[in-house]
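A short write-up of the structure that comes next.
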Amino acid sequence: MELAAKIISGELREFELHFKRAVKSNVSLLDKIMQFIVKRKGKQLRPMFVLLSAKLGGEINDKSYRAASLVELLHTATLVHDDVVDESLERRGFFSINALWKNKIAVIVGDYLLSKGLLLSLDNGDFQMLQILSNAIKLMSEGELLQLEKARNLNLKEDVYFEIIKNKTASLLASSCAAGASTTFTDAAAIEKMRTFGEKVGIAFQIKDDLFDYGNEKIGKPTGNDIKEKKLTLPLIYTLNNTSSSIRRKLIYIVKNENTNKDKVKFVIDEVQKAGGIEYAKEKMFNYRDEALAVLYSFPDNEVRKGLEELVRYTTDRNY
C-alpha cells in the first residue's frame with residue numbers, strides 16, 4: 001500500500017486529526033476508551049479508499065474528511081458490537097473493549113460511535129453521504145442476520161453466500177468509495193461507478209479472508225476458525241457441492257457437531273484442499289478483483305487511479 005499511502009500521506013494525517021475530534025467526549029470514561037480506540041486503529045484501509053475515491057474526482061476537502069471519519073466511526077462501532085456478540089476478547093492483537101470494560105460498556109461505546117457518526121453528518125448537512133452510509137449499515141445488519149439464519153441448517157447455495165458477503169462485508173467498502181466520490185464528483189453516474197467498484201473489491205476482500213482459514217500464513221486468527229463458528233465459506237461450499245455424498249454427510253456432521261475437535265477440523269480442511277475448494281475460491285476472488293479494476297480503468301489514468309489499483313491488488317495479495 002506504499003504508493004496509495006504516499007499519494008495521500010498528508011491527507012491521512014489530517015484525517016487522523018478529524019477523527020480524534022469526532023470521537024472526543026466530555027465523559028472521562030468515554031474519552032479514555034476513545035483514546036484506546038484511536039491508538040489501536042487498524043490499517044485504515046477504508047479511510048484510504050474514501051480519500052482516494054474523493055481525490056479521483058478532485059481536491060480533497062473538509063467534506064471528504066468527514067466522509068472518512070463517518071466511515072471509520074461506523075466501522076469501529078460495528079467491530080465493538082461484533083466483539084460483544086462473538087464474545088471475542090481480542091481485537092488486532094490487543095484486548096477488545098468488552099474484555100477490558102465488560103459487555104454493557106462496550107455496547108454503549110458502539111452506540112456512542114454510531115451516534116457521533118450520525119451527528120457529524122447531520123450537523124454539517126451531509127445528507128447524501130449519510131444516506132449512502134446508512135444504507136450500508138442496513139445491508140450489514142441484514143447480511144449478518146441472513147448468515148445466522150442459514151448457519152442453522154448449513155445452507156449450501158453459493159448465491160446465498162454471495163448475497164451474505166455482498167451485504168455483510170462489501171456494502172461498507174462500496175459505501176466508502178461512493179461517499180468519498182460524492183464529495184468531489186458532481187456526476188451521479190461516476191459516484192455509482194465508484195460504489196460498484198468498492199462492492200467488487202469488498203467481495204474479493206472477503207473471499208481472501210475465507211481463504212486464510214485454510215492457509216498456514218501468520219494471519220492473526222487460528223486456522224479453521226470459520227469452521228469452528230459454523231460459517232459456510234466459499235471453499236467449503238464448493239467442496240460440499242463437489243464431493244461424494246458420504247464425504248458431504250461427514251463434513252456437515254463435523255461442522256455441526258464436532259467443530260471444536262482439532263483433528264476433525266483438520267479433516268475438513270484437508271477435504272476442502274483435496275476437492276479443489278481453495279483453487280475455486282481463488283479463481284472467484286481474482287474474477288471480482290479484475291471486475292473492480294475494469295470499473296476503475298474507466299476513469300482517466302493518473303497517480304490516484306494507480307494508488308487505488310494498488311489498494312485493490314493489496315486486498316487479494318495480502319498475507320493477513
Side-chain angles (χ1 to χ4, degrees), residues 4 8 10-25 30-31 33-35 37-38 40-82 97 108-144 167-186 188 190-192 194-195 197-199 201-202 205 308 311:
I8 52 170
E11 287 92 339
L12 279 173
R13 287 194 294 272
E14 183 65 25
F15 154 72
E16 287 185 18
L17 296 175
H18 278 259
F19 185 70
K20 283 177 185 176
R21 285 198 295 268
V23 298
K24 183 72 177 163
S25 165
L30 257 178
D31 213 34
I33 297 172
M34 291 304 112
Q35 288 172 27
I37 288 172
V38 168
R40 285 155 184 81
K41 61 186 179 296
K43 297 181 286 290
Q44 294 186 299
L45 195 62
R46 286 161 191 82
M48 289 177 77
F49 270 108
V50 174
L51 294 174
L52 283 167
S53 296
K55 203 172 180 71
L56 192 66
E59 285 300 312
I60 288 176
N61 50 55
D62 281 345
K63 196 172 179 180
S64 309
Y65 291 121
R66 290 197 297 273
S69 297
L70 175 58
V71 166
E72 195 70 348
L73 283 163
L74 297 181
H75 178 56
T76 306
T78 61
L79 295 182
V80 171
H81 282 162
D82 282 350
I97 302 297
I108 294 169
V109 166
D111 293 344
Y112 174 77
L113 289 164
L114 182 60
S115 66
K116 291 290 278 189
L118 296 174
L119 287 169
L120 179 66
S121 297
L122 289 171
D123 289 347
N124 290 281
D126 299 330
F127 301 118
Q128 182 185 14
M129 188 194 305
L130 183 58
Q131 184 174 30
I132 290 169
L133 268 303
S134 295
N135 188 55
I137 297 299
K138 177 184 80 78
L139 291 172
M140 288 166 72
S141 301
E142 290 175 351
E144 189 74 54
N167 289 351
K168 186 182 169 186
T169 304
S171 61
L172 186 57
L173 200 51
S175 296
S176 298
C177 294
S182 74
T183 68
T184 53
F185 283 97
T186 55
I191 297 169
E192 175 57 24
M194 289 307 295
R195 191 205 64 79
F197 161 76
E199 181 177 273
V201 178
F205 184 94
L308 278 166
L311 275 189

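The chain is numbered in sequence order, starting from 1. Side chains are part of it too, since the values below use all heavy atoms of this structure and drop only hydrogens, waters and symmetry mates.
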Query raised in the report: Do Arg13 and Glu16 meet the salt-bridge criterion of a basic N to acidic O distance under 4.0 Å?
Result: no
Query - Pairwise side-chain contact, Leu113 with Leu74, heavy-atom cut-off 4.5 Å (strictly under) - result: no
Query raised in the report: Is there a side-chain contact between Phe197 and Leu308, using heavy atoms and a 4.5 Å cut-off?
Result: yes
**Report entry** Residue pairs fulfilling ring pair (Phe, Tyr, Trp, His ring centres under 6.0 Å) with at least one residue in residues 116-143, sequence neighbours excluded
**Finding:** none
Report task. Kindly compute the distance separating CZ (Phe15) from NZ (Lys20), expressed to the nearest 0.5 Å. Result -> 11.0 Å
Query raised in the report: Is Leu17 close to Glu14 at the side-chain level, that is, under 4.5 Å between some pair of heavy atoms?
Result: yes
Query raised in the report: How many angstroms lie between atom OG of Ser182 and atom NZ of Lys63, to the nearest 0.5 angstrom?
Result: 5.5 Å
Query raised in the report: Do the non-hydrogen side-chain atoms of Thr184 and Lys55 ever get within less than 4.5 Å of each other?
Result: no
Query raised in the report: Do Leu172 and Leu133 pass the side-chain contact (heavy atoms from CB on, under 4.5 Å) test, and can you show the C-alpha distance, the side-chain angles, and the key distance before you say yes or no?
Result: CA-CA 7 Å; Leu172 186 57; Leu133 268 303; 3.9 Å; yes
Report task. Taking side-chain contact (heavy atoms from CB on, under 4.5 Å) as the test, write out the residues that go with Lys116, two or more places apart. Result -> Leu73, Tyr112
**Report entry** Heavy-atom pair of closest approach, residues Ala68 and Val50
**Finding:** N-CG1, 3.6 Å
Query raised in the report: CD of Glu192: more than 12 outside heavy atoms within 6.0 angstrom?
Result: yes
Report summary line: Taken to the nearest 0.5 Å, the spacing of Met129 CE from Leu120 CG works out to 8.0 Å
Query raised in the report: Got a second to check how far Leu70's CG is from Leu130's CG, nearest 0.5 Å?
Result: 7.0 Å
Query raised in the report: Taking only residues two or more places apart in sequence, or in another chain, which ones meet Tyr65 in a ring-ring contact (aromatic ring centres under 6.0 Å, His included)?
Result: His18
Requested in this report: Measure the shortest side-chain to side-chain distance between Ile191 and Met194 over non-hydrogen atoms and say whether it is less than 4.5 angstrom.
Outcome: no
Query raised in the report: For the atom pair CG (Asp126) and CZ (Arg66), what is the distance rounded to the nearest 0.5 Å?
Result: 4.0 Å
